[in-house]
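Contents: one structure, followed by commentary.
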Amino acid sequence: MGVAIRTAGESDRELVVRLLDESFREDPVSRWVFPGGAYLARTHHKLMAAFTDIVLAAGWVDVTEDDSACALWLRVAAADPAGAGPDDDGPAQVRAAVDPANERVELIGRLTAGIHPADRAHDYLWMIGVAPQRQGEGLGTALMTQVLDRCDREGRPAYLEASNTGSRRLYERLGFTVMTDRVLTLPDGPTMWPMWREPRG
C-alpha cells in the first residue's frame with residue numbers, strides 16, 4: 001500500500017515541530033547541541049521550530065497524510081548554499097531566538113554551511129522526522145522517494161547531512177554517497193556525513 005503525502009502549510013507548523021522534536025531527541029547531534037536530558041527536553045523544540053519556520057518560508061515541507069512523518073526541503077541554487085557563510089548572520093539570529101547562551105546552536109549552523117556544496121543547484125533535505133512509534137515502517141523512504149523521483153526526472157542532484165549511522169545506511173540505499181572530503185566531526189562531539197546523490201537516468 002502506498003503512502004499518501006501532502007505539502008504542509010502554516011497550519012501544520014506545530015505538527016511539524018512536534019514530529020521533529022520527538023524524532024531527534026535521541027539524535028547524537030541534538031544531544032551535542034543540548035547536552036543533558038532536562039536541558040534538551042526544555043529547549044530542543046525551540047530549535048526545531050526555528051528550522052520549521054525557515055523551511056516553510058523558503059522551501060517546502062512534505063507530510064504523510066496520517067501526520068506521522070515529515071521532510072523539510074530547500075531548493076538550493078548554485079553558489080548559494082543553504083545555511084550561512086562566514087558573513088551570514090542567520091545562525092546568530094537562530095541562536096538569539098532559540099537559546100542565546102548556547103554557542104553550539106550557532107556553531108552547528110556555521111559548520112554545516114561550511115561543508116555544504118555550492119557549485120551545483122540541488123534539492124537539500126534539511127531534516128526528516130518520523131514519529132518514534134512509526135519508525136521502521138518505510139515512511140521516511142516514501143517521503144524521500146517522492147522528491148528523489150522528481151530529481152531524477154529533472155536531472156537535479158540532492159544533498160543532505162546524515163547525523164547517525166542508521167540514517168546514513170538508509171540514505172546510501174537511496175543512492176546517496178558520502179562526500180568523504182567534507183565529513184564533519186563536531187568539537188568534542190559526533191560525526192556528520194554530508195551525502196550527495198546524482199540524478200538517475
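We number each residue from 1, following the sequence as shown. From a predicted model like this one, the values you see are computed outputs, not experimental measurements.
- Of the inter-residue distances, the one linking Leu74 atom CG with Trp126 atom CH2 reads 6.0 Å to the nearest 0.5 angstrom.
- A salt bridge is defined here as a Lys NZ or Arg NE, NH1 or NH2 lying under 4.0 Å from an Asp or Glu carboxylate O, and Asp123 with Arg197 fails to meet this definition.
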Ignoring hydrogens and angles, write down the donor-acceptor pairs under 3.5 Å from the side chains of residues 16-23, residues two or more places apart or on other chains.
from, atom 1, to, atom 2, distance (Å)
Asp21, OD1, Arg25, NE, 2.9
Asp21, OD1, His44, ND1, 2.7
Asp21, OD2, Arg25, NH2, 2.9
Ser23, OG, Leu19, O, 2.6
Ser23, OG, Val130, N, 2.9
Ser23, OG, Val130, O, 2.8

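- Under the 30°/60° scheme for interplanar angles, the aromatic rings of Phe34 and Tyr39 are found to stand perpendicular.
- Note on ring orientation: taking the six-membered ring where Trp is involved, the planes of His122 and Tyr124 are perpendicular (angle over 60°, cut-offs 30° and 60°).
- Between Trp196 and Tyr159, the two ring planes are tilted [angle within 30° to 60°].
- To the nearest 0.5 Å, the span separating NZ on Lys46 from CG on Asn102 amounts to 11.0 Å.
- Salt bridge absent: Glu161 and Arg182 never bring a charged side-chain N and a carboxylate O closer than 4.0 Å.
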Legend entry - Test log, rule side-chain contact (heavy atoms from CB on, under 4.5 Å), inputs Arg153 and Asp149: CA-CA 6 Å; Arg153 291 192 302 271; Asp149 286 348; 3.9 Å; yes

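- Considering only heavy atoms from C-beta on, Val98 stays 4.5 Å or farther from Phe51 through its side chain.
- The pair Asp67-Arg6 meets the salt-bridge criterion, since a charged nitrogen lies less than 4.0 angstrom from a carboxylate oxygen.
- Residues passing the salt bridge (charged side-chain N to carboxylate O under 4.0 Å, His left out) test with Arg42: none are found, sequence neighbours excluded.
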